[in-house]
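Whatever order the structure lists ligands and atoms in, that order sets their numbers, starting from 1. We number each residue from 1, following the sequence as shown.
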Amino acid sequence: MSESRKQLPLVEGAAFSGTHVPLIERYHERLPFDPGDPLVSLQEGSTPLLRAPVLSEMVGATVRLKLEGANPTGSFKDRGMTCAVSAAVREGAKAVICASTGNTAASAAAYAARAGITCAVIVPDGKIAQGKLAQTLVHGARVIALKGNFDQALTLVRELTDTHPIVLVNSVNEYRIEGQKTAAFEIHEGLEGGLEALCIPVGNAGNITSYWRGFKEIGAAPKLFGFQALGAAPLVEGRVIDSPETVASAIRIGNPVRWEDAMAAATESRGSIRAVSDEEILAAFRLLASKEGMFCEPASAASVAGLLKYGADGAESIACVLTGRGLKDPETALANNDGRIIPCLPETGPIEEAVLGDP
Ligand code: F0G
């Protein structure tokens, strides 16, 4: 296993304790790993599926939120990354690389650190949220700030990995899709009556591809409704967007690598891929936080924005995927909050006024 740190062996249920096991162990029968394979895990997966009473009331159906921000690095990427990095270690790789709008970078950096291998990430300069950048740096990855966008970064890392022995862990990597499909299994297992519609944000389109693969494998067929940001909606417009723009920096992507797969997922499931504006994304983001107690990042709120805008074609059991945790992007949260902070002197009168006075 080269010089990378020796990994825990893949033995069902043996290596980890706690309320749930790593997803490669939990779903080992459906994933391309064998007993004894190296396992790089941070105990990802098994995330909550939470009922959303306010949204359910608004939509007139049962709406649940799949809380992927509960994964170890705060996004769904960990499902794919445990598989991609475990496979890379199995192959004897010493380094992984990705292009990223932030979350893939944070996840790759964490799993590479855990595996004792090197990680480099290429991110669009100034266009990734601070929490994601902090995570990536603290895990010790090499961060390259590209004077360009995500799509250019991805083209460059694909070229680089064609000519150098570095494993690419973007969702062109099949292990990423394999790992992420497990979220579909979890939702299906968590619902007795099954799921009729899934709402999901779409950027590079790996996740919608993964969910559809997962649902198909277990014979489930909810409609998949994918949502892109209006200024970064290549799949909706049917053309590459050269300069994508959106407040939801995670899905600021103009040329998704899983384009055909995503279109197939929408068509085969009798769903669709549509666009939501930044205003609609931010309204859903605030609604989730203030009415459901759920602080997600803006890109994640695109799933709920889409549901509120377009409905779910009569579905009665709906899940919205909240792909990442709100703490990832404190700048956007602070910039889009109408609550004000009340300055106050440390005295009884001003405190009373501040707490009890008119807002
Ligand atoms: N939501 C979040 C929070 C994301 O970080 C991403 C993608 C998506 C949704 C879209 O998922 O790309 O599979 O369609 N983030 C990637 C990254 C691109 O680099 O972190 P997708």
### Message
Between T155 (side chain only) and D151 (backbone N and O only), is there a donor and an acceptor less than 3.5 Å apart?
### Response
yes
### Message
Below 4.0 Å, non-hydrogen atoms only: which portion of N170 touches ligand 1? Side chain, backbone, both or neither.
### Response
neither
### Message
Any salt bridge linking E196 with K223? Criterion: basic side-chain nitrogen under 4.0 Å from a carboxylate oxygen.
### Response
no
### Query
Can the ring centroids of F225 and Y310 be said to lie less than 6.0 angstrom from one another?
no
#### Entry: Nearest-option assignment for atom 13 (O) of ligand 1, heavy atoms, candidates V321, N207, N204
N207
### Summary
Taking only non-hydrogen atoms of G206 and a 4.0 Å limit, the atoms of ligand 1 in range are 13 (O), 14 (O), 21 (P)
### Message
Heavy-atom contact check, 4.0 Å cutoff: does I208 meet ligand 1?
### Response
no
### Task
Considering only non-hydrogen protein atoms, determine which one is nearest to atom 20 (O) of ligand 1 and report residue, atom name and distance to 0.1 Å.
T104 N, 2.8 Å
### Query
At a non-hydrogen distance cut-off of under 4.0 Å, which region of K77 contacts ligand 1 (side chain, backbone, both, or neither)?
side chain
### Message
Looking only at side-chain N and O atoms, does T332 offer a donor or acceptor that is under 3.5 Å from a partner on D329?
### Response
yes
### Task
Might you work through the ring pair (Phe, Tyr, Trp, His ring centres under 6.0 Å) test for F33 and Y27, ending with a clear yes or no?
CA-CA 10 Å; F33 294 93; Y27 293 112; over 10 Å; no
### Query
For ligand 1, is there an N or O atom under 3.5 Å from any N or O atom of A205?
yes
### Query
Can a salt bridge be assigned to the pair E280 and K309 using a cut-off of 4.0 Å between side-chain N and carboxylate O?
yes
### Task
Decide whether the shortest distance between a heavy atom of K328 and an atom of ligand 1 is less than 4.0 Å.
no
### Task
Check each atom of ligand 1 against the heavy atoms of N103 and keep those under 4.0 Å away; list them by number with element.
2 (C), 3 (C), 4 (C), 5 (O), 20 (O)
#### Entry: Salt bridge flag under 4.0 Å for residues R286 and E279
no
### Query
Going by heavy atoms, is S171 under 4.0 Å from ligand 1?
no
